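Down below is the structure, laid out as structure tokens.
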There are 2 protein chains.
Amino acid sequence: MSPVHRSPQRTAPGDRALDSLGFTLDRTSPVPLYHQLAQQLEAAITHGTLAPGNLLGNEIDLSVRLGLSRPTVRQAIQSLVDKGLLVRRRGVGTQVVHSKVRRPLELSSLYDDLESAGQDPTTRVLRNERIPASAEVAAALGVAEGAEVTVLERLRRAHGRPVAFLCNHLPAPLLELPTERLESTGLYRMMRSAGIVLHSARQSIGARAATAEEAALLEEKEGAALLTMRRTAYDVTGRPVEYGSHVYRASRYAFDFQLLVRT
Amino acid sequence: MSPVHRSPQRTAPGDRALDSLGFTLDRTSPVPLYHQLAQQLEAAITHGTLAPGNLLGNEIDLSVRLGLSRPTVRQAIQSLVDKGLLVRRRGVGTQVVHSKVRRPLELSSLYDDLESAGQDPTTRVLRNERIPASAEVAAALGVAEGAEVTVLERLRRAHGRPVAFLCNHLPAPLLELPTERLESTGLYRMMRSAGIVLHSARQSIGARAATAEEAALLEEKEGAALLTMRRTAYDVTGRPVEYGSHVYRASRYAFDFQLLVRT
DNA sequence: TAGTGGTCTAGACCACCGC
DNA sequence: CGGTGGTCTAGACCACTAT
């Protein structure tokens, strides 16, 4: 006479695939329970164990089966809804979204710099010095004109061919940027390990024709279409910590990302 | 001997500006309490009543003062953290982010089509008919090649001058798209009022040189740099509902948005 | 050490959906 | 109508930060 009664395995397509999944929760772990659950659900979705359209089963049953409270289960589910992997509908249930929708995780070039820098693509530092801030840079970084800033110019290659020219400015007192580490580690990783916690960035993506210098550097013809990106990044205190001005070879690069619709 | 004791008004800069704010909560309203609170907090931030750097006061006090439970207050605060308006730090408190960080709400061209279509910018429909799907369109929309799709070609102007050429394909059975309504209402609004609930979109932004036809249409020179955007939009069931292929005059248009860093 | 947000529990009632 | 997620409560203990 258990308080929970599992209905006789409904084999209708797209139903309760969760029943047979073995979830393991470690209450001694420092990882929050809702996060452990979310990770395992996400893995099950990624591996196809939880197929698109599958219902997750109602939250009450789920919490009883897992030995968790309902709010904790909801928190796990909510995090996957926020990632776009699950959809909740009142009166219906929670189901896995169809696969086409969730292939590229999201984000744009900030992610690119943040994670994949110095990997498959190689980056060569062309310039790395401290100079007085120009009016434009000073305004973007919120420092006084003439204040010392670090200027960085880098050429990024993929498969041996140029992809982008990156110019970045940072307040000089913020951190040291030895060229060797920059080439192997990537700018954002270095900022993070220097204790700088990023909060957000404002970006503007545009296009224009290549100048003669840009063309030479990127192995394009003068006047070729280039993709441009300007960005100011802020840390959690709201202080601007980086101002970037990048140009990409449009013939070899595009910004790919996913948008979730705010409901 | 009240269980909560309010420390003597600290007047240090950036502290407890919330004390004097009058929040009104209506328990008979269909609007959730956490949402009412979030809206009023957001308004206070937007109007500057809650200045950047201001601490919000701890969640326990706040919930007592408002007559709400702590989880409800947390839910309100969390929604503003997700929007990038507030920052929480354990052991410190919750504070308003600095203003530069939060100027443009976020989103890119999906928002543009979703909200601002048919407003200041005017849109002229150049083509609106039903045709058999090409291989490319069929693949993008997940329909059979040759299935009936609606093709839309529009020219968008701002301040009387061309800004973008928009080409969209939709599964024909999805909805009716009378040209007159399209020009006044915008595509996404029409989809929404037809009961189509959007979930997400995959986008790719690139650049290339203008063809002769595009140049003529957009009042640019042949070979001028254009910004391009390709997008597939999905509804909550994961079904593709729109495939768009847009070109923008780079000299008069850029994608502007804010990224929040996933922590 | 005191104060903050982070996590978690065990209930409750309601609104919406599909049958 | 029964089942689902949506909202809300009133506690509890823990981890981190600053002083």
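Please read all numbers here as calculations on a predicted model, not as lab measurements. Each chain gets a letter, A, B and so on, in the order its sequence line appears, and its residues count up from 1.
Atoms CZ (B:Arg88) and P (C:dG3) sit 20 Å apart, rounded to a whole Å. Going from atom CG of A:Asp61 over to atom C1' of D:dG3 covers 10 Å, rounded to whole Å. B:Asn58 places its CG atom 16 Å from the P atom of C:dA2, with the value rounded to the nearest Å. Between the CG atom of A:Leu62 and the P atom of C:dT9 there is a distance of 13 Å, given to the nearest Å. C:dC17 atom C1' lies 13 Å from atom CD of A:Gln95, rounded to whole Å. Put simply, CD1 on A:Ile60 is 8 Å from P on D:dG5, counting in whole angstrom units. What separates CG of A:Leu86 from P of D:dG5 is a distance of 11 Å, to the nearest Å. Going from atom CG of A:Leu68 over to atom P of C:dT9 covers 5 Å, rounded to whole Å.
Taking the side chain to side chain contact (heavy atoms under 4.5 Å, CB included) definition, one finds that A:Ser29 meets it with A:Asp26, A:Val31, A:Gln36, sequence neighbours left out. For B:Arg230, the salt bridge (Lys or Arg N to Asp or Glu O under 4.0 Å) partners are B:Glu136, not counting sequence neighbours. A:Val236 is linked by a side chain to side chain contact (heavy atoms under 4.5 Å, CB included) to A:Val197, A:His199, B:Val87, counting only residues two or more places apart in sequence or in another chain. Considering only residues two or more places apart in sequence or on other chains, B:Arg181 meets the side chain to side chain donor-acceptor pair (under 3.5 Å) condition with none of them. In this structure B:Thr94 satisfies the side chain to side chain contact (heavy atoms under 4.5 Å, CB included) test together with B:Leu56, B:Ile77, B:Leu86, B:Arg88, sequence neighbours excluded. A:Thr237 pairs by the side chain to side chain donor-acceptor pair (under 3.5 Å) definition with A:Asp235, not counting sequence neighbours. Residues forming a side chain to side chain contact (heavy atoms under 4.5 Å, CB included) with A:Pro32 (at least two apart in sequence, or on another chain): A:Tyr34, A:His35. Considering only residues two or more places apart in sequence or on other chains, A:Ser193 meets the side chain to side chain donor-acceptor pair (under 3.5 Å) condition with none of them.
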Under-3.5 Å N/O pairs linking protein and nucleotides 11-17 of chain D:
from	atom 1	to	atom 2	distance (Å)
D:dA12	N6	B:Arg70	NH1	3.2
D:dT17	O4'	B:Arg90	O	3.4

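The nucleotide whose nearest atom lies closest to any side-chain atom of A:Arg74 is, among D:dG6, C:dT7, C:dA10, D:dG6.
When the C1' atoms of four end pairs are superposed on the next four at each end of the helix from C:dT1-D:dA18 to C:dG18-D:dC1, using five pairs per end, the two resulting axes differ in direction by 20°, to 10°.
Applying the salt bridge (charged side-chain N to carboxylate O under 4.0 Å, His left out) rule to pairs touching residues 141-151 of chain A yields A:Arg130-A:Glu148, sequence neighbours excluded.
For the OP1/OP2 pair of D:dT9 and a distance below 4.0 Å, the side-chain nitrogens and oxygens of B:Thr72 include at least one atom meeting the criterion. OP1 or OP2 of D:dG5 has at least one side-chain nitrogen or oxygen of A:Thr94 nearer than 4.0 Å.
Within residues 27-39 of chain B, the residues that have a heavy atom under 4.0 Å from DNA chain D are, in order of number, B:Arg27, B:Pro32, B:Leu33, B:Tyr34.
Taking 4.5 Å as the limit, every side-chain heavy atom of A:Tyr234 sits out of range of all side-chain heavy atoms of A:Val241.
Rounded to the nearest 0.5 angstrom, B:Gln258 CD and A:Ser204 OG are separated by 13.5 Å.
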